[in-house]
Structure formats: C-alpha cells, structure tokens
Amino acid sequence: ALMAPWAIIKYGSPATALPVETAGQSVTAYDKAAQEDSLRVEFRTGEEDFIIASNYPVDMSRESNGAMELVFDAISLEGDAQVDVGMGCEGGADCDAFVPVTLSADWSEVRLSMSCFADQGVKMEYLMKALIISGDAGQALGVSNVRLEEDANGTQDCG
C-alpha cells in the first residue's frame, strides 16, 4: 500500500487496484516476506516507465539538501539486471533525472541520495515523481518497501 499522496501512475492517472496492465507494462502483486507485500514490474516494450508519483508537487527540498536517501528493496527477476532509477519534478520529462542501478538476483536494498537527483536538475521543491524505474523490453523486477531514510554511510550514493 502506498501512502498518500503517492500512487502508481499509469497514463497520467493513479492506478486504483492491481494488476495494472498496459501494452508496455504489467504491474502485479508479488511475494517477498509476506503474501503480496511487493510489486512485480514487467517491462513488455521498454517504452513505459514504472512511476510512483503524486498528482501535485511536493516540496522535498529540505530532504534533498539534508542527508536523505531514496531507499527501496529490489530484485532482478528476468532479463538484464541494470535499470535506470529516477525522480522527477513538475514540468514533465525535462525535469526527470536518472542514475543506473544494477539489481541483484536476490532481494537487496537500493539506496540513492536525493541530492544526486537535485544535482542533475530535479527541482526538489516541485517533486512529483518520487520513484521512476526505466527498464528494457523483457525485463522484470520486484520492488518493495519504497521509502525515504537518513543517509546510512555519510557519502553521496548515486547508483
């Protein structure tokens, strides 16, 4: 379950239930530690990103100036293990920034400094896309427990 104001976005609107099926992507419930506690994201065409976003801008400038990280658990299930992980602000694709992340064949924690995205031009005071994952056709991954946390190691982690 995602906490308001965040939702899985498909075609510009929040998805209200799983599964979410489009021509280019499938998002279904997946099991990690408990039944259906995670998401399985399958990129059918590589032309649609997986997005968790808000319908309005959220000011995350304080979090990006501080030592905060975008953190989530992930696993590579099919295809190439490398994906691009991003964040985005109000203003469309011109305001999105990505870093490459190589996922493991086992569940592992991904930690990315929010400052990495701010440094690439995401206007964090107008954040709308809290998590964007871009994959290639044939890739599938598991995603769980998306959150913000204090920097764990005191260094900027950018993928």
Side-chain angles (χ1 to χ4, degrees), residues 1-44 47-75 83-101 103 107-135 139-152 156-159:
L2 296 170
M3 307 262 313
W6 308 110
I8 296 170
I9 302 295
K10 283 290 146 207
Y11 301 128
S13 299
T16 57
L18 292 176
V20 178
E21 301 282 340
T22 66
Q25 191 178 101
S26 169
V27 180
T28 58
Y30 190 71
D31 300 344
K32 180 186 175 219
Q35 185 173 353
E36 298 186 351
D37 64 345
S38 303
L39 299 173
R40 175 187 168 93
V41 180
E42 181 181 339
F43 297 97
R44 294 177 175 156
E47 296 173 6
E48 290 181 37
D49 295 335
F50 171 75
I51 301 172
I52 294 177
S54 170
N55 281 330
Y56 55 86
V58 177
D59 186 353
M60 290 284 183
S61 56
R62 182 173 171 261
E63 289 81 357
S64 66
N65 289 331
M68 297 298 289
E69 295 177 317
L70 170 65
V71 183
F72 59 95
D73 301 326
I75 184 172
V83 295
D84 290 321
V85 177
M87 296 182 107
C89 57
E90 186 175 43
D94 291 340
C95 196
D96 296 348
F98 292 88
V99 296
V101 172
L103 303 177
W107 283 102
S108 59
E109 187 176 72
V110 176
R111 302 186 74 90
L112 301 168
S113 301
M114 291 183 70
S115 59
C116 298
F117 303 106
D119 291 348
Q120 291 186 52
V122 176
K123 296 175 186 78
M124 298 307 262
E125 64 272 23
Y126 302 108
L127 188 75
M128 291 186 74
K129 299 173 190 171
L131 175 65
I132 310 167
I133 301 177
S134 181
Q139 279 183 292
L141 56 101
V143 177
S144 184
N145 199 18
V146 179
R147 62 206 183 273
L148 291 181
E149 285 187 1
E150 199 171 311
D151 188 336
Q156 188 181 46
D157 297 310
C158 295

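Since this is a predicted model, take the numbers as computed values, not measurements. Just the heavy atoms: all of them, side chains too, but no hydrogens, waters or symmetry mates, feed the values below.
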Please test Arg40 against Val27 for side-chain contact (heavy atoms from CB on, under 4.5 Å), starting from the C-alpha separation and ending with a verdict.
CA-CA 6 Å; Arg40 175 187 168 93; Val27 180; over 6 Å; no

I need the [X] [atom1] to [Y] [atom2] distance, nearest 0.5 Å.
X      : Y      : atom1 : atom2 : answer
Asp84  : Ile132 : CG    : CD1   : 10.5 Å
Glu149 : Met68  : CD    : CE    : 8.0 Å
Ser64  : Lys123 : OG    : NZ    : 13.0 Å
Phe72  : Ser108 : CZ    : OG    : 9.0 Å
Ser115 : Met124 : OG    : CE    : 8.5 Å
Cys158 : Arg111 : SG    : CZ    : 13.5 Å

Side-chain contact, heavy-atom cut-off 4.5 Å: [X] with [Y]?
X      : Y      : result
Ile75  : Leu103 : no
Gln120 : Val99  : yes
Met114 : Met87  : yes
Cys116 : Gln156 : yes

Nearest heavy-atom pair of [X] and [Y]: which atoms, and what distance?
X      : Y      : result
Ala152 : Glu69  : N-OE1, 3.4 Å
Thr28  : Leu18  : C-CD1, 4.2 Å
Val41  : Val143 : CG2-CG2, 4.5 Å
Trp6   : Leu127 : CH2-CD2, 4.3 Å
Ser144 : Trp107 : CB-CZ3, 3.9 Å
Ala74  : Val110 : CB-CG2, 4.3 Å

For Val146, which of Leu2, Ile52, Asp73, Val71 qualifies under side chain to side chain contact (heavy atoms under 4.5 Å, CB included)?
Ile52

Is the backbone of [Y] close enough, under 3.5 Å, to the side chain of [X] for a donor and an acceptor to pair up by distance?
X      : Y      : value
Asp49  : Ile51  : no
Ser113 : Asp157 : yes
Asp31  : Glu36  : yes
Gln25  : Glu48  : yes

Verdict with supporting geometry, Glu109 and Asn145, side-chain contact (heavy atoms from CB on, under 4.5 Å):
CA-CA 9 Å; Glu109 187 176 72; Asn145 199 18; over 6 Å; no

Residues Leu141, Leu39; criterion side-chain contact (heavy atoms from CB on, under 4.5 Å); working and verdict:
CA-CA 8 Å; Leu141 56 101; Leu39 299 173; over 6 Å; no

Would you please test Cys95 and Glu90 for side-chain contact (heavy atoms from CB on, under 4.5 Å) and show each step?
CA-CA 7 Å; Cys95 196; Glu90 186 175 43; over 6 Å; no

Does Arg147 have more than 12 heavy atoms from other residues, nucleotides or ligands lying within 6.0 Å of its CZ?
yes

